[in-house]
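To start, the structure under review is shown below, and the notes come after it.
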Amino acid sequence: MQFKKVEKKWRETWKKEGIYRTKDAVKGKKNFYSMVMFPYPSGDLHIGHWYNFAPADVFTRFKRMSGFNVLSPIGFDAFGLPAENAAIKRGIHPKTWTYKNIKTMTAQLENMGTMYDWDRRVITADPEYYKWTQWMFLQLFHAGLAYRTKAKANWCPKDRTVLANEQVIDGKCDRCGTEVIQRDIDQWLLKITDYAERLLQDLNGLDWPEKTKAMQRNWIGKSEGTTVKFMIDGLDVAISKETFKFMPHLIPSVLSGEKRITYRLEPKAVKTGDIVQLINHASKERFALARITKVVKDTMKHVSETQEGHEKFKTRKEFYATYSKYYDKKVVDDTDIWMYHMEVIDDSIDVFTTRVDTIFGCTYVVVAPEHRLIGTLQKQITNSREVSAYVAKARKKLERERMIEEKKKTGVELQGIKAINPFTGERVPVFVADYVLGGYGTGAVMAVPAHDERDLAFAKQFGLPIKTSIVAKDAAPADECMTEDGVLVDSESFTGMDSAAARTHMTAWLEHERRGTGKVNYKLRDWLISRQRYWGSPIPLVFCERCKARIESGEYKKGEFTKGELANPGWIGVAEKTLPVLLPTVKNYLPTEEGKSPLAHSKAFVNAPCPRCKGKGARETDTMDTFMCSSWYYLRYPDPHNAKRFADEKKLAAWLPADMYVGGAEHSVMHLLYARFFTKVLHDLKLLKFKEPFTALRHQGTILGPDGQKMSKSKGNVIDPDDLVDTFGADAVRMYLCFMGPYDQGGPWQPGGMIGIARFLQRVERLYDAHMQRASSAKRVTASASLKKALHQTIKKVGEDIGDFRFNTAVSALMILLNVMEDQRDSIDTETLEQFLVMLAPFAPYFSEELYRGVLGKKTSIHIAAWPKYNVRLSAEDEFELVVQINGKTRDTVRVSKGVTQERARELALASKKVRDAAPGMRIKKVIFVPDRLINLVIES
RNA sequence: GCCCCCAUGGCGAAAUUGGUAGACGCGCCAGUUUUAGGAACUGGUUCCGCAAGGAUUAGAGGUUCGAGUCCUCUUGGGGGCACCA
């Protein structure tokens with residue numbers, strides 16, 4: 001067959017006939033939404049894409065032929081860093097490069113013989129698409145799920161640019177080789193951690209690979225434990241009666257030490273050195289202690305906007321108005337004001353532990369280098385110089401270095417203070433060490449060297465005591481480090497309890513004493529979506545000084561600002577009507593200025609009126625993480641050209657959630673977790689009716705080079721699908737990819753394997769040509785019973801196998817049927833010829849269409865034909881090989897009809913010469929009979 | 001270090017889920033096609049053995065009438081996490 005010509009002919013015919021155009025509803029048919037992970041427009045479709053898309057397309061076609069109304073869309077994940085890298089390397093604008101690739105890849109995808117509905121193609125870099133990505137961001141922002149904070153970014157000091165993680169190779173910049181450092185930059189984060197528990201729980205109902213679910217569970221990393229308050233000894237402070245109240249939004253900055261002055265119009269009876277309580281104005285609860293370092297009495301006119309805590313006010317009038325309102329009295333230049341300088345101090349360390357049952361073995365406490373206490377207790381720590389030196393060093397260290405030094409634990413004792421174990425009253429030393437992470441739990445742990453490996457390593461290094469408080473239940477020989485649950489010893493009234501019970505009781509006691517509480521922690525971190533990059537969707541926010549001042553002074557109408565705007569004073573969401581915020585086409589798309597996106601250079605872009613007050617504003621210049629684009633694209637396919645809504649509600653209801661999603665296992669965590677998060681948020685905002693986007697998920701394996709290595713141009717082991725298509729045709733390539741092995745397995749490319757499929761197709765063609773010649777001699781044939789049986793067994797098997805993604809055995813079943821057909825080439829009836837082709841159609845769409853219309857003379861496409869029904873009666877075997885075993889060893893087989901009784905089977909077994917030879921004069925102890933399978937004679941030996 | 005997965009002929013693999021191990025395909029061997037050629041056809045092909053027969057699913061043990069399949073340990077390979085208290 002001249003496949004080049006055939007492929008082109010049918011491709012054009014199908015387009016003309018519109019057989020792949022999807023309707024949202026077809027009477028009498030259920031909808032089925034079958035998706036593949038859309039590709040990144042890298043330039044060329046490689047064999048990995050084929051392996052993802054071709055077998056998935058076989059599945060999709062099978063679903064359609066089985067009576068479903070199927071949606072099978074495709075698109076391009078077009079934004080992202082690789083386009084910028086390519087642009088830098090080749091001197092082509094990222095946009096030019098991306099759209100050129102989309103063009104070539106679209107053609108390649110069509111050549112594969114896939115049934116995508118091209119009218120629904122989405123490209124995430126199109127303004128009509130990213131308009132809604134921005135809209136999605138605004139939904140999250142206004143709902144209070146976005147916040148801005150300093151976050152670490154990879155920074156190359158030579159290139160003066162922010163790097164993505166993939167651009168950091170061995171801690172060095174992949175372009176210039178300079179050591180990369182971590183810098184803190186203000187960035188936007190999404191509160192995915194609010195959804196940690198639901199993201200974990202809802203995994204249970206999904207038809208996903210267990211491995212993938214396990215990876216997500218792992219990533220979310222739930223652990224249930226207890227926070228325990230260790231009071232600090234050595235403070236020797238008397239807390240004064242006076243208190244200072246703070247608005248909740250100021251508390252983080254007070255605690256972090258940014259704002260250490262409070263201004264009062266009425267004096268408090270405190271003097272320098274007094275310890276006061278700082279109280280949350282809303283909850284009335286104490287959140288910290290502070291030492292007064294200075295009290296100054298002055299008049300209002302001397303307070304300037306450069307003073308700490310008052311940098312923000314613009315005009316004096318505005319400033320006085322704030323006070324007048326708060327104190328309910330008129331404030332003028334001469335009004336007295338007291339300024340209290342203070343420093344926050346801590347009187348306790350909260351630690352998080354999952355093993356509170358081991359607390360009687362706690363011999364010291366460790367805080368992370370980032371821990372607030374190190375700053376707040378600076379005065380109490382007698383070796384504070386040594387401590388700050390350690391902290392400075394640890395904070396500068398890269399994650400990587402911490403890893404290399406894994407074995408060696410480092411740390412410094414905080415001399416001058418001790419922590420008090422709430423159960424024993426014991427005073428234990430406090431250390432700062434970088435093996436405790438600032439970002440997890442409370443950033444502090446109680447160390448139990450006898451029952452924790454890391455604590456043990458540290459204790460040994462520093463010669464700290466090791467105290468056993470748990471022993472194994474079964475009195476097994478004691479390990480040096482017994483980390484399992486067991487029974488408590490030396491634990492006062494808890495002695496003798498087992499670990500699980502002790503945890504419950506001890507946590508209850510702590511809660512009663514207000515010295516601790518049960519607590520669940522997650523490893524999952526919030527999602528950092530800011531990218532200081534050009535090729536991405538702009539973040540639709542404008543910063544407005546005036547609105548910020550109004551929010552901070554509290555002078556605004558209720559409902560004037562959204563939850564998100566109040567939580568991020570000054571950041572105002574762009575009005576929906578004015579979306580999208582277009583990504584300007586700029587000449588210089590390289591990030592240059594310190595930690596800023598290239599968009600920061602474009603005055604035309606930055607200058608924008610505040611969407612709220614129409615005053616002067618400045619746009620956010622960072623762009624969004626591309627995972628934002630791919631977190632909702634499955635919602636767009638049902639209605640890709642809708643300009644009024646991200647998708648029509650009815651169309652969403654018709655198709656979603658997606659019934660099948662196929663793609664690489666490398667997306668097991670990030671993409672799939674973010675997409676699930678989006679779906680849940682949109683559900684909560686009443687924009688979607690379902691909580692999970694992908695009901696079923698399958699992964700394809702990775703195809704390696706023939707040498708077993710990962711394919712790469714530099715290794716010269718890349719398999720080019722275009723070459724294969726030229727030699728064997730698209731159908732053979734599709735089918736071979738199905739036949740190679742289990743779909744989720746992958747493995748090295750077998751260069752010789754293709755030929756088997758090519759031969760198979762040739763044999764099919766020859767068989768059909770021969771049939772056509774015979775047909776002209778006009779002799780009707782009836783299929784033999786054995787051919788009928790083979791056909792119906794194949795119908796059953798191929799259908800079941802495709803449904804279960806076992807494409808390899810489905811192909812082999814077709815091969816077996818072809819072998820039978822060839823054996824009986826003179827008695828093949830038309831029905832068999834037709835049904836065989838229909839089963840072949842999902843695998844070899846061009847080839848089967850050519851024979852269907854060309855040889856069998858059909859008028860309509862094979863791809864809208866119905867999948868054949870198998871007949872149970874016809875496919876059933878009436879005989880089987882009865883296996884005769886002696887003591888479980890097969891000795892003979894006897895061909896008998898199905899339903900044979902045990903008695904008859906026993907007679908047959910005993911009649912076998914082989915059986916008698918194997919065990920002459922046997923004495924049967926027992927007979928095992930498995931109906932329609934085997935008989936096993938258990939004899940005395 | 002921790003967690004998860006995998007291991008079957010020369011190669012890719014299959015095995016009704018605890019019931020004849022090696023289907024199907026590649027490769028190889030022999031033959032056919034009155035020359036050659038192979039991306040044609042026919043037959044053979046787990047290993048040892050002429051055969052009868054025996055051995056065999058990385059290795060060792062166990063459960064069972066019966067184990068590729070279940071359990072324990074060991075070895076080798078792959079993936080994930082990475083000091084998460």
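First the proteins, then the strands, lettered A, B, ... as listed; each starts at 1. These numbers come from the heavy atoms of this one structure, side chains and all, not from hydrogens, waters or symmetry mates. Fair warning: this is a prediction, and the values are worked out from it, not measured in the lab.
At a threshold of 4.0 angstrom between heavy atoms, the contacts of A:R217 with the nucleic acid are absent. Within the 4.0 angstrom heavy-atom criterion, no nucleotide atom of any strand lies near A:D455. Using a 4.0 Å heavy-atom criterion, one finds that A:Q750 contacts the sugar-phosphate atoms exclusively. The residue A:G752 sits close only to the backbone: its heavy atoms come under 4.0 Å of sugar-phosphate atoms, none of a base. If you check every strand for non-hydrogen atoms under 4.0 Å, A:T353 touches sugar and phosphate atoms only. Contact annotation for A:V445: base contact, defined as any heavy-atom pair under 4.0 Å involving a base atom. If you check every strand for non-hydrogen atoms under 4.0 Å, A:I816 touches sugar and phosphate atoms only. Among the heavy atoms of the strands, none lies under 4.0 Å from A:S668.
Both the sub-6.0 Å distance and the 45° axial angle are satisfied by A:K409 relative to the ring of A:Y435.
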All N/O contacts under 3.5 Å from nucleotides 37-47 of chain B to the protein, with atom names and distances to one decimal?
residue: B:A40; atom: OP1; partner: A:R759; partner atom: NE; Å: 2.8

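Look at A:N808 and you'll find a side-chain N or O under 4.0 angstrom from OP1 or OP2 of B:A14. Under 4.0 angstrom from either OP1 or OP2 of B:C4 there lies no side-chain N or O belonging to A:K211.
Rounded to whole Å, the P atom of B:G79 lies 25 Å from the corresponding atom of B:U72. For B:A13 and B:A58, the P atoms lie 14 Å apart once the distance is rounded to whole Å.
When only modelled atom types and interatomic distance are considered, A:T483 and A:E453 share no side-chain donor-acceptor pair under 3.5 Å.
Taking every side-chain heavy atom of A:S812 into account, B:A23 is the closest of B:A21, B:A23, B:G54. Between B:C83, B:C65, B:G12, one nucleotide has an atom nearer to the side chain of A:F739 than all others, and that is B:G12.
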Less than 3.5 Å apart, which donor and acceptor atoms pair up between the side chains of residues 896-903 of chain A and the rest of the protein, not counting sequence neighbours?
residue: A:T901; atom: OG1; partner: A:R904; partner atom: N; Å: 3.2

Side-chain donor/acceptor pairs under 3.5 Å, residues 740-751 of chain A, sequence neighbours excluded:
residue: A:Y743; atom: OH; partner: A:Y51; partner atom: O; Å: 3.1
residue: A:Y743; atom: OH; partner: A:N52; partner atom: O; Å: 2.9

